[in-house]
Amino acid sequence: MLDKTFQPDAVESEIYALWEDAEAFACGKRPDAKPYTIVIPPPNVTGSLHMGHALNNTLQDIMARFERMRGKDVLWQPGMDHAGIATQMVVERQLAEEGNIGRRDMGRQAFLDRVWSWKEESGGTIINQLRRLGASCDWSRERFTMDEGLSRAVLKVFVEWYRDGLIYKDKRLVNWDPEFESAISDLEVDPRETNGSMWHFRYPIVGEEGRYIVVATTRPETMLGDTGVAVHPDDDRYKDVIGKMVELPLVGRHIPIVADDYADPEQGSGAVKITPAHDFNDFDVGRRNDLEMINIFTSKAAINENAPEKYQGMDRFAARDAVVADLDALGLLEKVEDHVLAVPYGDRSNVVIEPWLTDQWYVDAETLAKPAIEAVERGETVFVPRHWENTYFEWLRNIQPWCISRQLWWGHQIPAWYGPDGEVFVAESEEDAQQQAAQHYGKAVELTQDEDVLDTWFSSQLWPFSTLGWPEDTPEVDRYYQTDVLFTAFDIIFFWVARMIMAGIYFKREVPFHTVYIHALVRDEQGQKMSKSKGNIVDPLDLVDQYGADALRFTLAAMAAQGRDIQLSTNRVEGYRNFGTKLWNAYRFCDMNEALDASGFDPSGCTQPVNRWIVGETVSTLHAVTEGIEAYRFNDAAGGLYQFIWHNFCDWYLEFIKPLLNGDDEDVKAETRQTTAWVMEQILRLLHPFMPFMTEHLWRQTHDDLLILQDWPKPELGLADATARTEIESVIALISEIRTVRAEMNVPAGAKILVAVRSGEVGAFPALVDDAAVLNPVIKRLARVETVETLDGDFPRGTVQVPVGEATIGLLLADVLDVDAERARLTKEIEKATKEVENVDKRLNNPSFVAKAPEHVVAEQRERREEYAQLIEKLKEALKRLDDLS
RNA sequence: GGGCGGAUAGCUCAGGUGGUAGAGCGCCACGUUCACAUCGUGGAUGUCGGGGGUUCGAGUCCCUCUCCGCCCACCA
């Protein structure tokens with residue numbers, strides 16, 4: 001006998017081990033089946049499971065289990081990302097804490113050895129956390145972006161794109177992270193609204209004693225690198241100074257005043273200082289006007305030797321204060337204003353990013369973007385929800401060159417080698433590079449490899465095929481690419497989704513997936529984004545510990561419909577844990593009643609209306625759940641199951657069959673037991689993708705095989721029985737009516753009552769009136785009815801009249817009846833019904849409604865009116881009778 | 001500046017093709033009937049953000065306004 005509640009922690013790991021031992025997650029076991037592929041968004045090797053992962057992987061697992069049960073050869077490809085910056089950061093921090101020497105003192109190879117050993121020991125905890133969630137990934141195929149094979153893919157892509165002119169080296173401004181001393185891409189820059197200042201400086205015009213031109217800046221320290229001042233060519237205020245020089249204060253350099261459209265006469269004074277080496281706009285102005293580019297920062301953003309000696313070595317912010325103070329002392333500070341601006345921060349380092357002039361490698365993203373845009377326009381990949389395609393298009397249509405080199409060590413080292421004169425040789429191996437060099441120079445020369453590594457996303461973009469073995473021509477690439485659906489959150493559409501589509505089209509001539517499902521971001525109960533600094537993180541594993549993985553999974557699935565955000569509250573999880581308990585106890589009930597064996601049962605052969613009814617309801621639930629999952633409407637699927645299991649099956653069906661199972665009609669009993677067992681079996685199958693642990697555990701109470709490997713139920717279209725449905729629904733209505741009135745009339749819950757039916761209306765209550773009817777004890781039990789009388793005359797004194805459909809049933813309460821309460825109840829009912837009639841009449845009395853609305857709508861309204869009119873009449877009769885007798 | 005999303009019951013949210021609003025939780029009343037108190041039965045609660053339009057009919061379509069959130073770009 002099972003306990004009263006499910007104990008998830010006691011069985012989850014055991015069940016998971018059963019699945020793994022049976023190789024239930026492994027792909028390739030059904031060579032004749034259609035493949036179905038999902039690649040996991042590879043979590044960072046440094047990562048641990050957060051709620052976003054939990055949602056993301058729950059949805060993938062639902063799909064994987066669903067398609068597996070539908071007979072497909074499912075590959076859910078797992079793995080991890082080496083996460084260049086994040087991982088290097090973790091290890092460097094560790095070195096610092098241990099008081100060890102920094103990575104630069106250690107040397108590259110020693111440092112990398114250290115990172116690898118960190119990875120072996122502490123990396124990838126998230127993989128086991130995914131197991132706890134129940135993820136049915138094919139772990140035998142786990143990949144890592146720095147595996148040998150995946151690294152080979154990176155080399156091949158780099159070399160091929162280089163050869164095709166899509167990768168090139170360029171010297172231009174990049175977003176420089178002074179903390180990591182590395183370039184980062186546009187996407188890794190996080191602009192943060194900041195309250196700052198706008199300083200207005202006077203630059204003396206050379207040769208015009210006492211005349212200044214005023215420029216404004218939010219970054220005063222950059223003036224040390226100014227090489228010009230720009231004004232608009234049509235700005236009358238400055239026409240006469242164009243071409244003249246100003247003397248750059250503190251520095252003494254003479255710099256030109258140039259005319260350039262970039263200067264906006266409306267902004268500030270209309271004159272703008274130009275620092276081409278430290279501002280993206282100024283860089284362009286500098287190029288157009290042939291201005292000098294003077295870099296004034298070191299790689300750590302301190303002032304370098306190109307600035308006056310006084311400032312050299314100062315940190316940029318110290319230099320800012322010094323520059324302002326010095327200009328003020330010279331009387332050249334015109335004013336300071338408060339100013340709100342967006343300051344660029346490194347999303348990982350959290351320090352202010354500086355535009356800095358360096359050599360970096362770039363990908364010509366614009367060229368790659370074109371076919372990626374067209375593919376989505378043609379619908380080769382569809383986003384769900386569709387509107388995310390706008391975001392995708394918007395970014396790709398305005399895409400900038402992608403800076404892919406990073407001045408880090410952890411990652412794929414760039415396969416470029418330099419000759420003694422700086423000539424570059426790009427090749428998949430050093431040997432190839434040597435060969436190229438030998439050919440170039442006519443002799444063997446010493447080569448040095450580019451020190452930099454590639455942006456982590458450079459390898460991630462290959463994930464849908466590099467994990468399958470590409471560039472080798474493996475059977476897996478053939479069979480599982482194109483993958484089916486990608487599950488991800490909107491925040492990496494640019495970082496990852498778009499780039500996978502570009503790379504997939506380029507190297508595989510086919511988009512990597514036909515569907516991209518964009519799910520919500522999970523927030524806390526207050527709608528705040530979860531973050532460590534806010535301390536509002538809900539750890540999914542805590543919820544798993546507390547409520548079980550099934551409860552968390554079901555919650556996430558049920559909430560998956562919400563737009564951009566899911567606000568997760570623990571009482572939702574608790575509610576779905578209770579749902580599991582409900583099913584658990586229903587199963588125990590089945591067990592106690594020997595209703596778990598459905599072998600040889602043909603659901604279409606049922607004779608009892610209750611059984612025919614529940615079979616029909618089961619089949620329509622099957623449809624709803626199947627269609628829900630197919631359409632990625634997980635909330636509909638979960639909601640349909642919840643409604644069916646709790647309300648139809650537990651609340652009504654199981655209550656209906658109690659009198660039958662305790663009765664003495666053996667045929668009815670046998671059929672009912674089998675029906676119950678059959679429904680329970682369907683429930684376990686349908687619920688399995690959502691609650692895999694409990695369903696598997698229950699399945700194994702009576703089976704030696706595994707539920708995970710069972711078939712998804714087949715839709716049996718012939719099983720819906722409209723007659724049984726109508727009959728049972730009318731019984732439900734009758735019982736509900738009686739219960740409602742009992743409660744409203746304060747009949748004690750335990751008290752059994754007498755009811756009466758007038759002889760002319762017995763036909764309306766066949767099962768209630770006929771003691772021999774199968775459903776008779778059912779109704780009596782659920783409505784707590786003692787006996788049923790048939791009256792020849794009218795209802796006696798002390799009767800509550802309850803209209804049910806076409807007829808009226810009387811609850812014989814005799815002296816217990818509170819006449820005033822009953823009068824009030826009837827009056828209220830009449831009012832309600834009258835309002836309904838008025839509403840319907842408004843429509844029916846509108847000639848254009850009758851003329852223009854479709855016939856069935858008009859007929860529906862007429863019927864509705866008729867029903868309510870009848871109801872009112874009955875209620876009025878009841879009221880009159882009540883008054884007559886009292 | 002460009003774009004996207006949201007505004008529905010006290011709370012969190014569902015409401016593909018327009019026919020007159022639902023769920024869960026919470027709340028109130030009753031209840032220990034032999035699966036389940038992680039439960040059962042019954043109940044209350046909404047000018048569907050404001051305004052206008054299309055339509056016989058709009059939470060659902062169109063326009064507009066207000067407020068909230070987000071993305072991209074810019075910010076001397």
Side-chain angles (χ1 to χ4, degrees), chain A residues 2 4-6 186 191 198-201 214-219 222 229-230 262-264 267-275 279-282 339-343 385 387-388 390-391 393-395 398 490-491 493-494 521 525 527 529 547 551 555 558-559 561-569 571-572 574-593 631 633 635-636 639 642-643 650-651 654-655 658 662 735-736 739-744 746-750 781-782 784 839-840 842-843 846-854 856-858 860-861:
Chain A
L2 297 169
K4 275 196 171 186
T5 55
F6 177 52
D186 303 346
M198 179 79 82
W199 288 271
H200 296 253
F201 299 145
V214 174
V215 295
T217 182
T218 56
R219 294 188 296 153
T222 62
V229 171
Y262 168 67
D264 178 358
Q267 284 258 31
S269 66
V272 54
K273 65 190 268 308
I274 302 297
T275 322
D279 182 282
F280 289 101
N281 289 307
D282 292 6
H339 185 75
V340 177
L341 71 166
V343 178
H387 67 82
W388 287 108
N390 296 331
T391 305
F393 288 136
E394 215 267 334
W395 187 67
N398 299 294
F490 69 85
D491 54 345
I493 290 178
F494 304 147
L521 240 43
E525 282 169 78
K529 201 165 173 171
Y547 301 107
T555 307
M559 298 180 81
Q562 297 169 303
R564 289 182 173 223
D565 305 333
I566 287 181
Q567 296 193 34
L568 189 87
S569 74
N571 79 25
R572 255 338 249 279
E574 190 181 331
Y576 290 119
R577 186 273 319 266
N578 295 352
F579 168 62
T581 306
K582 187 73 186 176
L583 173 65
W584 179 263
N585 281 290
Y587 186 95
R588 291 176 65 230
F589 173 83
C590 297
D591 194 7
M592 291 169 193
N593 287 280
R633 298 173 71 94
N635 61 315
D636 284 352
Y642 186 95
Q643 165 66 34
C650 293
D651 287 351
L654 293 185
E655 294 304 328
K658 281 174 184 172
N662 293 328
I735 295 167
S736 299
R739 282 172 170 176
T740 301
V741 176
R742 285 176 60 114
E744 279 180 8
N746 296 315
V747 177
R781 178 169 190 277
L782 298 188
R784 310 242 75 214
N839 261 334
V840 176
K842 235 183 260 168
R843 237 158 291 148
N846 179 348
S848 46
F849 171 74
V850 181
K852 293 187 180 174
H856 75 274
V857 174
V858 178
E860 213 175 270
Q861 294 300 322

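When reading the values below, keep in mind they use all heavy atoms of this one structure, side chains included, and skip hydrogens, waters and symmetry mates. Each chain gets a letter, A, B and so on, in the order the sequences are listed, and its residues count up from 1.
If you check every strand for non-hydrogen atoms under 4.0 Å, A:R739 touches sugar and phosphate atoms only. A:T218 comes within 4.0 angstrom of the backbone, heavy atoms only, and of no base. Nucleic acid contact for A:A271: base, since at least one base atom lies under 4.0 Å from a heavy atom of the residue. Counting any heavy atom pair closer than 4.0 Å across all strands shown, A:D282 reaches no nucleic acid atom. Across all strands shown, A:P847 has no heavy atoms under 4.0 Å from either base or sugar-phosphate atoms. At a threshold of 4.0 angstrom between heavy atoms, the contacts of A:C650 include nucleobase atoms, whether or not backbone atoms are also involved. Contacts of A:T217 with the nucleic acid, taken as non-hydrogen atoms under 4.0 Å apart, involve only primed sugar atoms and P, OP1 or OP2. Among the heavy atoms of the strands, none lies under 4.0 Å from A:R742. Within the 4.0 angstrom heavy-atom criterion, no nucleotide atom of any strand lies near A:F579.
Checked by atom type and distance alone, the side chain of A:R739 never pairs as donor or acceptor with a backbone atom of A:R784 at under 3.5 Å. Using modelled atom types, one side-chain atom of A:N585 and one backbone atom of A:K4 make a donor-acceptor pair closer than 3.5 Å.
Scanning atom types as modelled, one donor and one acceptor separated by under 3.5 angstrom connect the side chain of A:E655 and the base of B:A35. One N or O donor and one acceptor, one from the side chain of A:R843 and one from the base of B:U20, sit under 3.5 Å apart. With hydrogens and angles ignored, a donor-acceptor pair closer than 3.5 Å exists between the side chain of A:K658 and the base of B:A35.
With rounding to whole Å, A:N571 atom CG is found 8 Å from B:G26 atom C1'. Between the NZ atom of A:K582 and the P atom of B:A35 there is a distance of 11 Å, rounded to whole Å. Rounded to an integer number of Å, the gap from A:Y576 OH to B:U12 C1' is 10 Å. Taking atom CG of A:D636 as the reference point, atom P of B:G24 lies 15 Å away to the nearest angstrom. Per the geometry, CG belonging to A:N635 stands 14 Å off C1' belonging to B:U12, to the nearest Å. A:M559 places its CE atom 11 Å from the C1' atom of B:A14, with the value rounded to the nearest Å. Regarding A:N839, its CG atom lies at a distance of 14 Å from the C1' atom of B:A21, rounded to whole Å. With rounding to whole Å, A:K852 atom NZ is found 18 Å from B:G18 atom P.
Taking atom C1' on both nucleotides, B:C67 is separated from B:A29 by 39 Å, rounded to a whole Å. The same atom, P, is picked in B:C25 and in B:C62; the two are 35 Å apart, to the nearest Å. Rounded to the nearest Å, the gap between the P atom of B:A37 and that of B:U41 is 14 Å. Nucleotides B:G24 and B:U45 have their C1' atoms positioned 15 Å apart, rounded to a whole Å. Comparing the same atom, P, in B:C56 and in B:G42 gives a spacing of 42 Å after rounding to whole Å. A gap of 9 Å separates the P atoms of B:G16 and B:C61, to the nearest Å. Annotation: B:A7 and B:G46 have their C1' atoms spaced 14 Å apart (nearest Å).
In this structure, B:G40 forms a base pair with B:C30, meeting either the Watson-Crick or the G-U wobble geometry with both donor-acceptor distances under 3.5 Å. Figure legend. B:C70 is base-paired to B:G3; pairs are counted as Watson-Crick or G-U wobble with both atom distances under 3.5 Å. Pairing for B:G57 is absent, with no Watson-Crick or G-U wobble pair whose two atom distances lie under 3.5 Å. Taking a pair to require two hydrogen-bonding distances under 3.5 Å in either a Watson-Crick or a G-U wobble arrangement, B:A9 remains unpaired.
Side-chain atoms of A:S736 lie closest to B:G42 of the nucleotides B:G5, B:G16, B:G42. Set against B:U12, B:C36, B:C25, the side chain of A:Y642 has B:C25 as its closest nucleotide. In the set B:G24, B:G19, B:C4, B:C4 carries the atom at the smallest distance from any side-chain atom of A:N390. Between B:G42, B:C30, B:C72, one nucleotide has an atom nearer to the side chain of A:E394 than all others, and that is B:C72. Considering only the side chain of A:D651, B:G40 comes nearest among B:G40, B:G16, B:G31.
Residues A:K842 and A:F849 have side chains not in contact (no heavy-atom distance under 4.5 Å, counting atoms from C-beta outward). Residues A:T217 and A:T222 meet the side-chain proximity criterion, which asks for heavy atoms closer than 4.5 Å. The closest side-chain heavy-atom distance from A:Y262 to A:V272 is below 4.5 Å.
Between A:L654 and A:A586, the closest heavy-atom pair is CD1-CB, 3.8 Å.
There is no side-chain donor-acceptor pair under 3.5 Å between A:N846 and A:R843.
Between A:N578 and the phosphate of B:C39, there is a side-chain N or O to OP1/OP2 separation shorter than 4.0 Å.
Judged by closest nucleotide on RNA chain B, A:F6 is the one of A:F849 and A:F6 placed further toward the 5' end.
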Which pairs would a plain distance check flag for residues 575-584 of chain A, meaning a side-chain donor or acceptor within less than 3.5 Å of a matching protein atom at least two apart in sequence or in another chain?
residue	atom	partner	partner atom	Å
A:Y576	OH	A:R572	NH2	3.3
A:T581	OG1	A:R577	O	3.1
A:W584	NE1	A:D3	O	2.8

